Amino acid sequence: MERKPKFLWGTATSSYQIEGAVDEDGRTPSIWDTFCATPGTVTAGETGEVACDHYHRMPEDIALMAELGVDVYRFSLAWPRVQPDGAGKGNAAGIAFYDRLVDELLARDILPWVTLYHWDLPQALEDAGGWPNRDTAYRFAEYAAIAHDALGDRVRQWTTLNEPWCSAMLGYITGRHAPGRRDARAGFAALHHLLLGHGLAAQAIRDGARANGCSEGLEVGITLNLSPKTPASGSPEDLAAARWEDGLSNRIYLDPLLRGEYPADIADKLEELGSPLPVRDGDLSIIAQPVDVLGVNYYSSSVVAAAPAVQNRWPATTTVARDVERTAMDWEVTPEALTDLLLRLEHEYPGPAWYITENGAAYEDEPDENGYVDDADRENYLRAHIDAALEARDRGANLRGYFAWSLFDNFEWSFGYDRRFGIVRVDYDTQKRTPKRSARYYADRVAREKQRDKESGKEKALDTPAG
Ligand code: FCB
């Protein structure tokens, strides 16, 4: 394998958000196909049926990526393409697409970074109970083994899950995402089974790599969306509110993965509220096996205060708006919180290499007559966050890479095509791709940072007598 640079610069996407071709080559429906077909779920009734048509335009998309000069591309596999209905052998026709994608990337000197699950659960598995059903974790490990068998000779970077918070909370508790259930008990069961699935899949990948002689350079991990929660004041009520939110958003994932235990304050409270984490003996050691990489998706942070007590028994908290810029998602732009987050992670959860596996912003883009978007706002967002991430690295966080979300405008889940996160514009009528000003900025920044690393590497080599 080629030697990997010390710091990786990349872009990220996910299968359902860009591929389209939802019923080609043996792909079966995922929970997102079903959800989109349900009236009232997605803005304007939009779906991922065509999306960016990446399934048919993959080589040109990778050529475009190569022009940006990135080291690495983070993409996800559609489970219902690789293993339709989440059962049985791999589907050769579906796998062939990812085979070509990986080869195309390597031919362009771009490292392929696979995410196994970016939310497109085969509908058949949801029909069997979905993530609240423990068996789904075992099905996930089986799928991971199939995917690794097919691609592991060329792919060494494997992320099991993207943002289990979204799968559990938005999918099963608030119902904002597929499968659209609203059941707290099911949601916390889903959370535990997602983490168990992560552990089992990580084992399956490592076992497969050992058996097939492709362990060299293997990096296995998971991606979490972590969101700092700052207390609105030093009052005991606000401190407790922020601690609870931090527990539900961050610690309930970080603690089992990196310390082998759920945070007691949260687990006890969930039990009391009738939504226990269904942990069985041995689960936590599966979940907490060492990870090489922990991916952090960072977009924003929030200030939390205690809210006046409400009817139900859940701790009542509220978000306090700050007077800062907001993106089109109405998310506050808070780059400095990213520096603090990475330093906290290094301090409280040392061990893995950290990667920013997603960071970016939606703005109200206004294309000119050629489709060009002069998105100074997105450029500023990226600059501030890259600066903030590198500051944490310089102050000791073991940060090894950064991925811009997203390469393209794409299907933004329940917002449909109404929110644009791309550094490359996609005209959904013609499928024309046009790099925005932010893409030019990113390409230029990546080139400069790589040059700087090279020079400082050289200096170090000259400084050290032994070379
Ligand atoms: C993250 C998702 C990604 C995208 C961004 C904006 O939560 O992982 O697919 O939707 O948010």
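In listed order, ligands and their atoms are each counted from 1. Bear in mind the structure is a predicted one, so any value in this text is a computation, not a measurement.
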message = Here's a test for you: under ring-ring contact (aromatic ring centres under 6.0 Å, His included), which of F403, W158, F75 qualifies with W113?
response =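 Output: one option passes, namely F403.
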key: Identified ring-ring contact (aromatic ring centres under 6.0 Å, His included) partner of W131 from the options Y117, W119, Y138   =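 The single option meeting the ring-ring contact (aromatic ring centres under 6.0 Å, His included) with W131 is Y117.
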At less than 4.0 angstrom from any non-hydrogen atom of [X], what atoms of ligand 1 do you find?
X    : answer
W413 : 3 (C), 4 (C), 9 (O), 10 (O)
H118 : 2 (C), 3 (C), 8 (O), 9 (O)
W405 : 3 (C), 4 (C), 5 (C), 6 (C), 9 (O)
N162 : 8 (O)
F421 : 6 (C)

key: Distance from atom 7 (O) of ligand 1 to nearest protein heavy atom, with residue and atom   =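 Of the protein heavy atoms, E163 OE1, 2.6 Å lies nearest.
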Closest approach of any protein heavy atom to atom 10 (O) of ligand 1, naming residue and atom =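 Sorting protein heavy atoms by distance from atom 10 (O) of ligand 1 puts E412 OE1, 2.7 Å first.
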inquiry  = Which residue in the set D23, V22, D85, D33 passes side-chain contact (heavy atoms from CB on, under 4.5 Å) when paired with T28?
reply    =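 That would be D85.
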Under 3.5 Å: N/O of [X] near N/O of ligand 1:
X    : value
E358 : yes
W119 : no
S14  : no

message = Both conditions, 6.0 Å and 45 degrees, for the charged tip of R259 above the ring of Y349: are they met here?
response =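 Because its charged atom sits under 6.0 Å from the ring centre and within 45° of the axis, R259 does stack over Y349.
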